[in-house]
Amino acid sequence: MTFRRPGAAALVAAALVAALLAAGPAAAQTPSAELLTRLLGPLAPQGTVGQAGDWEMAVADESYLLVNRRAPYGARFVSIAAPAGPLTLAAEVRSEPANAPADALVGAGLLFDVQGAGAARRFALVLVERTGEVALFRGDQTGVKKVEGRALPGASGFVRLAAAESAGRIRVTANGVPIAEVPATPAAGTRMGVAAIGPGRFAFRNVRLGADPVVAAAPVRAGRVEARLPAGWQAAVGETGDWVARGPDGGRIVWWPVRSQAALAGAAAGTVLAELARRQDPDLAVGPVETRAGGIAATLRRGERTVGRAWLAPTQAAAGGTTALFVLAAGADWTAGRATAAAGILGSLRLVGAPPSAAARARTHRWADPAGGFTAELPQGWSVAGGSGTARDGAASWTVALTSADGASRVFLGDPELPLFVLPTERLKAAGIAEGQTFRHGDGTPVLVARLMPGLGFAEVQGMRLLAGRCADEPKAEHRRRRADLAGALGRALMPVPPAEELEAGEVALSCTGKDGRPLAAYILAATDGTAQRGQGAWSVPVLYGFVAPREQATEALGTLGTLIASIRPSTTALLGRAEDTGLRNEAAARVAAAVSASWWSQHAPRPPGPRPITAADGITLEGDPRFPWLPEGPAPAADWAAALAP
């Protein structure tokens, strides 16, 4: 008799179905009732060990094993009569298939909805197949058909399978992920249990009846972490990357990828585990460390009560160090049921929305002014406009306007839209043009009648103008400062032709609430030329730079502005053959860029997400990051959670 993989129309003979469901008991001794109850739960009375035909039954590695070394199409099961009421069956299953013909169905999982007898018998199977796919099969006297299945990332270890009936339908999940849903077919005398099919070594543990706590209608997302949580649970990611889920009954699960600058091994790893556990709860007592599930684990106690487990293991290499994974699970009392529920939640974790790496975020490119006047380093992904030109007063000028990929941040050097400024005069007043009014020069140049403003005053006015259309409230000046210390450097660094006189400069930091509800930040430095005070009728703003950005992006915008200023390199053509001292220009640019980097927002803007120091133990420094840049999008690093957390 054979048990073949069902194809589009492949069916299994009714005799095969009978063989699957009528496999005889093993003629051997039974392990202790306590051990079998812990592994098989309600199936414990049927959990015999020994040899029966091609199958060997055993208890080893904290699992109940069904081993088939020879029969390519054999099947074995352990089942009991289903209790009255809706179907609720769950178990942790590990499938380690051996070689088998391509048409053989091989895997292990749940057996349920077994009804009828003889040729009329029918049943359902949920199998972790040798391909790693988890699938639901239906069988009857005509054969076995695949109903539905899906690939489950990380299915190489123990997979928590559950079948739960609700509102007349049976919902099947694996590690909390929906696999299939089919109508329930209630009948008296049904059976359910676990099954293994084909050659291989198949392990079972934590078999139980009752609602599976991992089943959730939809995943819950916190930061980049997505998980299926039981009803009433909440999750959040801290600034050091510790994902913490809390339940209404005091249960807590911490999943925390950390990066160290040295390998975690030996006594140092145990010290780190204890430090991380105490950081989550300083009242926890951490027991002796033991090797478990590819890492180290320790019991957590509060007074005389065991309240949880902590586990730590290296996961993968990261740039500049080693990535390790720390997990803590705790509750009022640490029981097998709590460990099982925690393992299911951890098995459902998934990373979504992977950010670019730190290197990608810092990547720049050398941009060339279309007019050939200069080049500068600009961030990848930002749009750019500007170049060499002539200001309203006829002087050569450089302008650069950068906009971030999301359109939220703007960084600028110069503003080609600024008018020509002229002092108010009696002649203009007689012509009906008062102070504050704008008119057009004969060549079309816009001209604003205004008294000479110091750099600080102009910076504040310009900042208010830039924020006016983006704020839901009145912009507020957070900081004002005259920058006489930069007067000599600004023109040399940022003007194609440095001025003969020093400029008068000032800077301002402003904030407001954006129309989308997000706090906004602005930084503007302006330098006016002051020639109007020496008998000239016009004045200008030859140096103007700054940014407008969401407050949480202010640090990034400030860094982009500093890089832009420090990297400007005039072309030989732009220097017009003058004996320009490139070293002095570069020194001036570096000085201005340093002032940008140390400006007010550098101290008062929210710190952007990034590595945060966590703790140091035995010379090992740990960092956390809520973006998890060292973990790719997809399933979170997998482990044998049930083994790691078992009491």
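Starting from 1, each residue takes its place in the sequence as its number. On a predicted model such as this, the values are computed, not experimentally measured, just so you know.
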Mind checking side chain to side chain donor-acceptor pair (under 3.5 Å) for Ser404 and listing every partner two or more places apart, or none if nothing turns up?
Asp406
Tyr73 side chain vs Asp103 backbone, donor-acceptor pair below 3.5 Å:
no
Tell me, please, whether Phe158 has Arg205 positioned over its six-membered ring: NZ or CZ under 6.0 Å from the ring centre and within 45 degrees of its axis?
yes
Which heavy atom of Leu312 sits nearest to which heavy atom of Ala324, and what is that distance?
CD1-CB, 4.1 Å
Minimal non-hydrogen separation, Arg292 against Ala646, with atom names:
NH1-O, 2.5 Å
Okay, side chain of Glu165, backbone of Leu87: is any donor-acceptor separation there less than 3.5 Å?
yes
If you compare all heavy atoms of Gly270 against all heavy atoms of Val289, which two are closest, and at what distance to 0.1 Å?
CA-CG2, 4.0 Å
Side chain to side chain donor-acceptor pair (under 3.5 Å) with Arg301: which residues, sequence neighbours excluded?
Thr306
Partners of Asp281 by side chain to side chain contact (heavy atoms under 4.5 Å, CB included), sequence neighbours excluded?
Arg252, Asp283, Leu284, Arg302
Spell out, as yes or no, whether a donor-acceptor pair under 3.5 Å connects the side chain of Asn68 to the backbone of Gly198.
yes
Keeping Thr131 on the side-chain end and Glu129 on the backbone end, is there a donor-acceptor pair under 3.5 Å?
no
Any idea which heavy atoms bring Ala163 and Phe112 closest together, and the distance?
CB-CE2, 4.0 Å
Does the distance from a Lys or Arg side-chain N to an Asp or Glu carboxylate O, for Arg259 and Glu623, drop under 4.0 Å?
yes
Hey, does the side chain of Arg224 reach the backbone of Leu351 with a donor-acceptor pair shorter than 3.5 angstrom?
no
4.5 Å side-chain heavy-atom contact, Phe202 and Leu65:
no
Let's go through Glu181 and Arg169 carefully: what are the C-alpha distance in whole Å and the side-chain angles of both, what is the deciding distance for salt bridge (Lys or Arg N to Asp or Glu O under 4.0 Å) to 0.1 Å, and is it a yes or a no?
CA-CA 7 Å; Glu181 188 172 309; Arg169 298 187 67 81; 2.9 Å; yes
Residues Arg518, Glu552: salt bridge by 4.0 Å N-O rule
yes
Go through the steps for Val59 and Leu36 under the test side chain to side chain contact (heavy atoms under 4.5 Å, CB included), then give the verdict.
CA-CA 8 Å; Val59 172; Leu36 281 176; 4.1 Å; yes
Anything under 3.5 Å between a donor and an acceptor, one on a side chain of residues 235-248, the other on a protein residue two or more places apart or in another chain? List them.
| from | atom 1 | to | atom 2 | distance (Å) |
| --- | --- | --- | --- | --- |
| Thr240 | OG1 | Asp242 | OD1 | 3.4 |
| Asp242 | OD2 | Gln280 | NE2 | 3.0 |

Any sub-3.5 Å donor-acceptor pair from Thr271's side-chain atoms to Ala267's backbone N or O?
yes
Steps toward salt bridge (Lys or Arg N to Asp or Glu O under 4.0 Å) verdict (Glu96, Arg94)
CA-CA 7 Å; Glu96 298 176 354; Arg94 186 179 65 213; 2.9 Å; yes
Run through Val225, Asp625, Leu631 and flag the one making a side chain to side chain contact (heavy atoms under 4.5 Å, CB included) with Pro257.
Leu631
Step by step, work out the side chain to side chain contact (heavy atoms under 4.5 Å, CB included) result for Lys145 and Phe137.
CA-CA 6 Å; Lys145 298 179 181 179; Phe137 297 84; over 6 Å; no
Quick one: does Pro199's side chain get under 4.5 Å of Arg130's, heavy atoms only?
no
Leu276 CG to Leu622 CG distance, which is reported to the nearest 0.5 Å
5.5 Å
Let's go through Val194 and Leu43 carefully: what are the C-alpha distance in whole Å and the side-chain angles of both, what is the deciding distance for side chain to side chain contact (heavy atoms under 4.5 Å, CB included) to 0.1 Å, and is it a yes or a no?
CA-CA 9 Å; Val194 296; Leu43 305 184; 4.0 Å; yes
Sequence-distant partners of Ala293, side chain to side chain contact (heavy atoms under 4.5 Å, CB included), two or more places apart:
Trp311, Asp640, Ala643, Ala644
Nearest heavy-atom pair of Ala605 and Thr555: which atoms, and what distance?
CB-OG1, 3.6 Å
Check whether any side-chain N or O of Ser63 sits under 3.5 Å from a backbone N or O of Phe204 as a donor-acceptor pair, and report yes or no.
no
Mind checking side chain to side chain donor-acceptor pair (under 3.5 Å) for Arg551 and listing every partner two or more places apart, or none if nothing turns up?
none
Carefully, step by step, assess Phe77 and Leu66 under the rule side chain to side chain contact (heavy atoms under 4.5 Å, CB included).
CA-CA 9 Å; Phe77 75 100; Leu66 296 178; over 6 Å; no
Sub-3.5 Å donor-acceptor pair from the side chain of Gln51 to the main-chain atoms of Trp55, do we have one?
yes
Sidechain N-carboxylate O distance under 4.0 Å for Asp333, Arg305
yes
Heavy-atom closest pair, residues Ala298 and Val286
CB-CG1, 3.7 Å
Taking NZ, NE, NH1 and NH2 as the nitrogens, is one of them in Lys146 or Glu133 under 4.0 Å from a carboxylate oxygen of the other?
yes
Evaluate the ring pair (Phe, Tyr, Trp, His ring centres under 6.0 Å) criterion for residues Trp255 and Phe628: first the C-alpha distance (whole Å), next the side-chain angles of each, then the deciding distance (0.1 Å), finally the verdict.
CA-CA 12 Å; Trp255 180 87; Phe628 311 118; 5.5 Å; yes
Taking the basic N atoms (NZ, or NE/NH1/NH2) and the acidic carboxylate oxygens, is any pair closer than 4.0 Å for Arg76 and Glu56?
no
